[in-house]
Amino acid sequence: MKIASLPVPAPLIEYCEEKGITDLYPPQAACVDEGIFSGKSLLVAIPTASGKTLVAELAMHAQVANGGKCLYIVPLRALAGEKFREFSGKGVKVGISTGDLDRRDEFLGANDIIIATSEKVDSLLRNKTPWLRQVTLLVVDEVHLIASPDRGPTLEMVITKLRYRIPNLQVIALSATIGNPKKLADWLGAGLVTSEWRPVDLRQGVFYRGKIHFHQGEREVAEPSKTEDLNLCIDTIEEGGQCLVFVNSRRNAEGFAKRAAAAFKKRVKSPVLEEYAARILESATTDQEKVLAACIATGSAFHHAGLRREFRELIEEGFLKGEIRCISSTPTLAAGLNLPARRVIIRDLLRFSGAEGMAPIPVGEYHQMAGRAGRPHLDPYGEAVMIAKNEQSIEELFERYIDAPAEPVVSQCTRSGALCSHLLSLIATGFATDRKGLSKFLVQTFYGFTHASTKALDTIVNQSLKFLTETEMITEIGDLLQATEYGALVSRLYIDPLSAEAISGAMLEADGYSDRALLQVVCSTSDMPALYLKSKDLQYLEKFLYEHGDDLWQQVPWEDREQFYRSVKTAMLLSDYTDEVPEAIICERYDVGPGDLYAAVTNVTWLIHAAARLAAMFREDLAPAVRELEICTSQGIRRELLPLVRLKGIGRVRARRLFNNGITDPATLQEAGFDRITSILGSGVAKSLFSQFDEKETKERKDDLQGSSELVKKAQTSLFGFGGCDE
DNA sequence: AGTCTTAGTATGTAGACAGCATGTC
DNA sequence: CTACATACTAAGACT
């Protein structure tokens, strides 16, 4: 099917033709036949890299041409960015909205295509964002993530909410191959396109004793090194390809990269790689990062969430450009960006999962990783290889993974805790005003669609409503369910009601305040992933609790202390960060990577913000201190620097430099004079600082004049600020 | 004596969404 | 409740 013949606006067609794309791939043509251009919903369950995105893009452009608006839901922020770049510059207005990124936010609704994560869309719904009603096409990327235990329910709820609100909404759901595509399509009222077709031939095989066994035959692999995984990797490099190795732990990822680096030393030399290594070394703070630099210099790299984003992106870029030959990675790369390689080695098929010990990875995940093999237009074929430990397991691996269908997608709505937050949001946002309304909504979910009896769900609904009523987040008067001001706030803050209750409960009971106490409570909630405990941690944790245990708001439990210790450890790390302990020392002390540190800081900042809002509601006296902590945490500064960072252009580093030079607040800064500041921070920064003071003075004069109208406004908001459920 | 090898044992384990209001080095 | 690879340790074997 020719792209030029499709009913889409010219810019997209021209763009495709420039790229040399003139015909649709067979699965894409099937989507056209199924009616994507006539507004029909569709579930597209086809392999990775077989052109799902273009299907969505065609449908979106057609919608926009008819005056429609499109919402594109992705699972990861990094993916949102990737799609944003991909969709931009083709004659439609594209906007992006994720937690850490809000480009063009004021006019977000003015865009034709808006890309957002599922949680962000849920948050937009909870805040009654008006333009959501104008959406005519919903694209859900990776819709099989409905089966994800922690984030699946949100995705399921968001889809259900949007379809509930918008009649005739066209839904295009994109998915990897799954076990029950028909079921999912039926739920969405969608047509179904499935296919095994791929643009590059994919050979899946099992390596054993120097040979890869494929369905189509065998392939010999040379054995220049002692280890099989490395031999497989070198084999592809020698052939001119790149290699992606999936392993089950960070340590393994680093270990493999080191071994590969030693083997590559004689083979790969490149000035570009040297430059990458130098760039990393320049800002490296930990040993781990120095190792990474050494590896990259030879063309190998490791990739996991302990690395800072900057380095991860550098590795991805280096691999895409073909400079880096081999990446050993934890599942970070499996679900993330589009990084194909000629050979993918799925080395570890077991992964540690808390309750289950070492458990085999799901078939769906294997397929996702295997699908990474083969770069379209660049590789003659792609190879996905597992490694067998004995003759017998060759057969087993074929059966268990290569020839096995992926798991069916199953709703996770009944998982403990998942529903409570969503029920609150349904009530607070007016999707349901009584129990009947809730049931009516819940039968529309995928859970409701796949379960004839809602008994299991009803039990959880009753429990959750009981909790929400007892904690006064909702009231039930007669039949009427309504969110209280507290409940509405919790819903909008997007925290788990359990976390909200833990935080406000602790604050209500507290006699004093300390940052540590608040941090520990916040770190004990499910919204804050706590650090793992290691044996060496026990010593200093016990010492800390002996000295400061009484200052905490939560009591040290008598038994089952692990959870508590973990929250204390996490709080101590964050406390060190606001105490301006250098990154390298924190990383070493708590055995985390810079990426983990960054993640913990952004996460806790969000929760402290929520805590500050809750404090304003329940403990006004604590609110100023909590708000201060919010700034301290986000900036990584001690309280003494607070007056300085209020100034534009002053962050943690400059503030510290000023402070150490005896300049402790804006007033002394102004007194010190331009020349003195120039000598500390340079003339550029000094100039912008002093121009701020001039602006401020003129603004203050204006504010004095407007003071009276400001007051009126405040009175109005408090007069009408009790719920505001109308839209 | 110093180095390598081996067997036994202790240890630790993937990832990442959300608020809010704008500007770090 | 489930496992495994790796790092470390101590003791033995070799140059």
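Residue numbering restarts at 1 for every chain, and letters A, B, ... go by the order of the sequence lines. Below, each value reflects all heavy atoms present in this structure, side chains not excepted, and no hydrogens, waters or symmetry copies.
The pair Arg351(A)-Glu365(A) meets the salt-bridge criterion, with a side-chain N (NZ, NE, NH1 or NH2) lying under 4.0 Å from an Asp/Glu carboxylate O. One finds a salt bridge joining Glu119(A) and Arg151(A) here, because a Lys/Arg side-chain nitrogen approaches an Asp/Glu carboxylate oxygen to under 4.0 Å. In this structure, Asp150(A) does not pair ionically with Arg415(A), as no charged nitrogen and carboxylate oxygen lie closer than 4.0 Å.
Side chain to side chain, Glu289(A) and Thr285(A) meet the donor-acceptor criterion of an N or O pair below 3.5 Å. There is no side-chain donor-acceptor pair under 3.5 Å between Arg308(A) and Thr286(A). Between the side chains of Ser535(A) and Asp537(A), no donor-acceptor pair of N or O atoms lies under 3.5 Å.
To the nearest whole angstrom, the two P atoms, one in dA14(B) and one in dA7(C), are 14 Å apart.
Heavy atoms of Asn248(A) sit under 4.0 angstrom from primed sugar atoms or phosphate atoms, though from no base atom. Residue contacts shown for Lys536(A) are absent, as no nucleic acid heavy atom lies under 4.0 Å away. At a threshold of 4.0 angstrom between heavy atoms, the contacts of Gly649(A) are confined to the sugar-phosphate backbone, with no base atom among them. Heavy atoms of Ile650(A) sit under 4.0 angstrom from primed sugar atoms or phosphate atoms, though from no base atom. Residue Asn603(A) is classed as a base contact, given a heavy-atom separation below 4.0 Å to a base. At a threshold of 4.0 angstrom between heavy atoms, the contacts of Ile495(A) with the nucleic acid are absent. Heavy atoms of Glu365(A) sit nowhere under 4.0 angstrom from any nucleic acid atom. Ala610(A) comes within 4.0 angstrom of nothing in the nucleic acid, heavy atoms only.
Among the candidates Ile650(A), Leu647(A), Val653(A), Asp665(A), the single residue satisfying the side-chain contact (heavy atoms from CB on, under 4.5 Å) test with Leu658(A) is Ile650(A).
Nearest to the side chain of Ser249(A), among dT6(C), dT13(B), dG15(B), sits dT13(B). For Arg250(A), whose side chain is taken as the heavy atoms from C-beta onward, the closest listed nucleotide among dA18(B), dG15(B), dC25(B) is dG15(B). Between dA16(B), dC4(C), dC25(B), one nucleotide has an atom nearer to the side chain of Arg312(A) than all others, and that is dA16(B). With dC25(B), dT24(B), dG19(B) as the candidates, the nucleotide lying closest to the side chain of Lys648(A) is dT24(B). In this structure, of dG15(B), dC4(C), dA16(B), it is dG15(B) that holds the atom nearest to the side chain of Pro331(A). Side-chain proximity of Arg151(A) to the nucleotides dA16(B), dA18(B), dT11(B) is greatest for dA16(B). Between dA3(C), dC20(B), dA16(B), one nucleotide has an atom nearer to the side chain of Thr332(A) than all others, and that is dA16(B).
OP1 and OP2 of dT13(B) both lie 4.0 Å or more from every side-chain N or O belonging to Arg351(A). Residue Ser535(A) has a polar side-chain atom (N or O) positioned under 4.0 Å from OP1 or OP2 of dG12(B). At dA14(B), none of the side-chain N or O atoms of Arg251(A) fall inside 4.0 Å of OP1 or OP2 (strictly under the cut-off). Checking the phosphate oxygens (OP1, OP2) of dG19(B), a side-chain nitrogen or oxygen of Ser123(A) falls inside 4.0 Å. An OP1 or OP2 oxygen of dG19(B) is reached within less than 4.0 angstrom by a side-chain nitrogen or oxygen of Lys120(A).
Rounded to an integer number of Å, the gap from CD1 of Ile387(A) to C1' of dC4(C) is 15 Å. Per the geometry, CG belonging to Asp348(A) stands 8 Å off P belonging to dA5(C), to the nearest Å. In this structure, Ile361(A) atom CD1 and dA3(C) atom P are separated by 18 Å, rounded to whole Å. Atom CD of Glu254(A) and atom P of dT13(B) are 12 Å apart (whole Å). Gln635(A) places its CD atom 8 Å from the P atom of dC25(B), with the value rounded to the nearest Å. The nearest whole Å value for the distance from the CG atom in Leu681(A) to the C1' atom in dC25(B) is 11 Å. One atom, CG of Leu647(A), and another, C1' of dT22(B), lie 15 Å apart when rounded to the nearest Å. We find that CG of Leu108(A) is positioned 15 Å from C1' of dC20(B), with the value rounded to whole Å.
When both distances must be under 3.5 Å, the Watson-Crick or G-U wobble mate of dG8(B) is dC8(C). A 3.5 Å limit on both hydrogen-bonding distances identifies dT15(C) as the Watson-Crick or G-U partner of dA1(B). Pairing for dT22(B) is absent, judged as Watson-Crick or G-U wobble with the two contacts each under 3.5 Å. Under the Watson-Crick and G-U wobble criteria, each requiring two contacts below 3.5 Å, nucleotide dT2(C) is left unpaired. The partner of dA16(B), taking Watson-Crick or G-U wobble pairs whose two distances both stay under 3.5 Å, does not exist in any strand shown.
Residue whose closest nucleotide on DNA chain B sits further toward the 5' end, between Tyr532(A) and Thr117(A): Tyr532(A). Residue order along DNA chain B, read from the 5' end via each residue's closest nucleotide, puts Met358(A) first among Met358(A) and Asn127(A).
Between Trp606(A) and dA18(B), a base-stacking contact is recorded: ring centres under 5.5 Å apart, planes less than 30° from parallel.
In terms of polar N and O atoms assigned as donor or acceptor, the side chain of Glu119(A) never comes within less than 3.5 Å of the base of dG19(B) in a complementary pairing.
At least one donor-acceptor pair under 3.5 Å links the side chain of Thr570(A) to the backbone N or O of Leu531(A).
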